[in-house]
Amino acid sequence: QVQLAESGGGLVQAGGSLRLSCAASVRTFTNYRMGWFRQAPGKVREFVAAISWSDGNTDYGDSVKGRFTISRANAMNTVYLQMNSLKPEDTAVYYCAVGTNMVVGSWSALAPKPSLYDYWGQGTQVTVSS
């Protein structure tokens, strides 16, 4: 069983920055991808970013491209999300997820699919004030 712990959420003014972290509790598991999703009240869960653990390929949701950056620390099974130029519409609970099964196909087509992630964190609140 893999447990994920997110941290780094909080309240920030529009235009500010936050850095989220997500660490997996188990070091010895096969990690194929880690991603961030978010869900605002009354809205469906939205893909934010993902990183392939084998080669570092990344993918981003359209609404965060150019503002958010996902990165990893392989040895620690930790993923980060640097969020810059935050907007009020970025307000949501942010969830970290990990995929432990190998899939074949286009990375950009597969990365945003929640069904390809097996374990999820509890979420961390990000609130951006205007």
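Throughout, residue positions are numbered sequentially from 1 according to the sequence presented. These numbers come from a predicted model, not from an experiment. In what follows, every heavy atom counts, from backbone to side chain, and hydrogens, waters and symmetry copies are set aside.
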Item to check | Pairwise distance CG(D118) to OG1(T100) - rounded to 0.5 angstrom | outcome: 3.5 Å
Item to check | Student check: side-chain heavy atoms of Y60 and R67 closer than 4.5 Å | outcome: no
Checklist entry - Are the side chain of N57 and the backbone N or O of S52 linked by a donor-acceptor pair below 3.5 Å? => result no
Next on the checklist: In the structure I gave you, are the side-chain heavy atoms of N77 and W53 within less than 4.5 Å of one another anywhere?
Outcome noted: yes
Item to check | Taking every non-hydrogen atom, the tightest pair across S17 and S85 | outcome: OG-N, 4.4 Å
Item to check | Heavy atoms of other groups near Q3 CD, more than 12 under 6.0 Å | outcome: no
Indicate every side-chain donor-acceptor pair of residues 38-48 with a distance under 3.5 Å to a residue at least two apart or in another chain.
residue	atom	partner	partner atom	Å
R38	NE	E46	OE1	2.9
R38	NH1	D90	OD1	2.9
R38	NH1	Y94	OH	2.9
R38	NH2	E46	OE1	3.3
R38	NH2	S63	OG	3.2
Q39	NE2	K43	O	3.0
E46	OE2	S63	OG	3.0

Checklist entry - Between C96 and V79, what is the shortest heavy-atom contact and its length? => result SG-CG1, 3.9 Å
Next on the checklist: Is the distance from the ring center of F37 to that of W120 below 6.0 Å?
Outcome noted: yes
Checklist entry - Does CD in Q122 sit with more than 12 non-hydrogen atoms of other residues, nucleotides or ligands closer than 6.0 Å? => result no
Item to check | Connected via hydrophobic side-chain network under 4.5 Å: W36 and Y119 | outcome: yes
Next on the checklist: For a quick test of reading the model, state the closest non-hydrogen atom pair linking W107 to D59 and the distance between them.
Outcome noted: NE1-CB, 3.7 Å
Checklist entry - When clusters are formed by joining ILVMFWY residues with side-chain heavy atoms under 4.5 Å apart, either directly or through shared neighbours, do Y117 and L20 land in the same one? => result no
Checklist entry - What are the two closest heavy atoms between V93 and G123, and how far apart are they? => result CG1-CA, 3.8 Å
Checklist entry - Are T91 and Q125 side-chain neighbours, meaning at least one heavy-atom pair lies under 4.5 Å? => result yes
Checklist entry - Does R33 offer a backbone N or O that forms a donor-acceptor pair with the side chain of R72 under 3.5 Å? => result no
Checklist outcome for this item: d(T124 OG1, L18 CG) to nearest 0.5 Å is 9.0 Å
Checklist entry - Can Y80 be reached from L86 by stepping across I, L, V, M, F, W or Y side chains whose heavy atoms are under 4.5 Å apart? => result no
Item to check | Cluster check Y95, I51: I/L/V/M/F/W/Y, side chain < 4.5 angstrom | outcome: no
Checklist outcome for this item: Correct closest heavy-atom pair for L110 and L116 would be O-CD1, 3.4 Å
Checklist outcome for this item: Rounded to the nearest 0.5 Å, the CD atom of Q13 sits from the OG atom of S129 at a distance of 5.0 Å
Checklist entry - If we only count heavy atoms from C-beta on, is the L4 to M34 side-chain gap below 4.5 Å? => result yes
